Amino acid sequence: MTENEKERRIRPGAVPPAALSGVLAGFAALAFAELVAGLVRPQAGPVVAVGGAAIDRTPPAVKDWAIRHFGTDDKLVLQLGILAVLTLFALLLGIAALRFRRTAALGVLLFGVVGAAAATSRPDSRGPADALPSVVGAVVGAVVLHVLAGRLAPRRPATTEREAAPGDAGWDRRGFVITATAAALASAGAGALGRSLGGAAGRDAVASRRAVMLPAPASPAAAVPRGAGLRVPGISPFTTPNDSFYRVDTALVVPKVDATSWRLRIHGKGVTRPSTLTYDDLLRRELIERDITLTCVSNEVGGPYVGNARWIGVRLADLLAECGVRPPSRGGPADQLVARSVDGMTIGSPVEDVMDGRDALLAVGMNGEPLPFAHGFPVRMVVPGLYGFVSACKWIEDIELTTFDAYDPYWVKRGWARRAPVKTQSRIDTPKPFARPSSGTVMVAGVAWAQHRGIDRVEVRVDDGPWREARLAAEDSRDTWRQWSLPWEATKGSHTLTVRATDRTGRLQTDRRTRTVPDGASGWHSVVVTVD
Ligand SMILES: Nc1nc2c(c(=O)[nH]1)N[C@H]1C(S)=C(S)[C@@H](COP(=O)(O)O)O[C@H]1N2
Ligand SMILES: [Mo]
């Protein structure tokens, strides 16, 4: 830096174009990173990588809060947050470049280092190549900033032109506008190209999903009993449609896996015949079809992260037995089954539960179609009675038999429980909180679940009145939720409705309120309504 540069004072008029050059440099960095990510791997882009790293490091309480406040939009909010922070830094670097041109450009490179570190340390990282998008992006951004800041600097020798001047007298306004426009256009082009390249990688996966013809299951599910769905407006439908089925995962970009190149490896402790299966290997096996209700451990009392679907898949226990796996109760050395996904998720389930006769599935179909990408195409696990974070690995590619002592999977490392059977829960779907029904008969209705135990009774209380038994809809299976309803003669005023369920072991749902961490929320769901 020359003496001259140090002495220069920033003129107010220079600030807006300087800030603009910072933002343009940031845009160029992200766009070119996107282009390289399109060539390398979409997941290696800096925003996705930093977002993923942030998700991995978010304490359970904060994650819980984010899910509670933003729901499934939490990822969008996170990415917008990252972009907002980057924009702010870009603005500041742009202004700083007026005085410290080289240092500001180096500052841009620093962001590249952060992105590269995040991308290479993600559990799904494929190695040093994942650093490329961030590094290339940062270099382009630094160059753009350096060049634009140069255009803002005074032309030398200093002239005494009359123009109002950003940097100083006689700045190269025309040069700045031309360079800025060129940078913006090139970046937009690079970004768009990167997006379409990244999309191309997913096209094979989309084609492979379209080509899937799910065979008829050898063991079809019985028709859902006619009485399983009550005709009460506002109640959750017995079967949750795929497009409204809750989604909870750490993936900022939904993995698009090509079923034709997909493989599942089964190996580990006590696996006497390790095996690698293709998608077609699975489809050629005996398929079973079952209705199973899936629940997320992050579901608050009364929350939405529960859904019921008709799954088609391979019975996992049979496959494990063929590989020589025995459950601990029959002398097997492994008590934990760790499922790994293509995006580096690890999910641990008790081998005993998976092999105790329940319909633990390697699922390929959901409600009559191949699994949607968001729900794990081509293959995921579903185990009745266990929360999703200890059973329902999506985009699965590896099953390792190990022990709970030897290995802690992703969520356990973050403070969640090693073992987590679903807790008995019940929810009031209608009336909604703060509804204003008219006095007279009001239908109170909802769902209750205690997967693999079954629901035997649901009771409702109005204010501090007596518990009254609700009508239970017909049971589909003990692995599914059950609808219930109760007509209530509503009287004017504010009332609190509370629900509780009893499972088939005879145990009443506990009223002890606990948070979701570490093994699922408990307590009774209440809704306050005002009757007019
Ligand atoms: N690969 C992968 N599988 C995953 C997860 C994840 O983050 N990544 N989340 C689990 C959790 S916490 C739940 S509750 C279920 C949710 O499945 P769904 O999104 O199909 O409803 O998926 C499980 N499987
Ligand atoms: Mo979950």
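Quick caveat: nothing in here was measured; it's all calculated off a predicted structure. Whatever order the structure lists ligands and atoms in, that order sets their numbers, starting from 1.
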So does [X] pair up with [Y], basic N to acidic O under 4.0 Å?
X	Y	answer
Lys423	Asp519	yes
Arg122	Asp130	no
Glu322	Arg285	yes
Glu475	Arg504	yes
Arg513	Asp511	no
Asp249	Lys75	yes
Arg209	Glu369	yes

[X] contact mode with ligand 1 (heavy-atom cut-off under 4.0 Å):
X	result
Cys296	both
Tyr387	neither
Tyr246	both
Ile396	neither

Quick test: of every protein heavy atom, which one is nearest to atom 19 (O) of ligand 1, and how far off is it to 0.1 Å? Lys394 NZ, 2.6 Å
To atom 7 (O) of ligand 1, the nearest of Asn242, Ile347, Thr250 on a heavy-atom basis is Thr250
Given Arg247, Arg380, Arg340, which one has a non-hydrogen atom that is nearest to atom 15 (C) of ligand 1? Arg380
Any N/O pair [X]/ligand 1 closer than 3.5 Å:
X	answer
Ser341	yes
Ala392	yes
Val297	no
Asp249	no

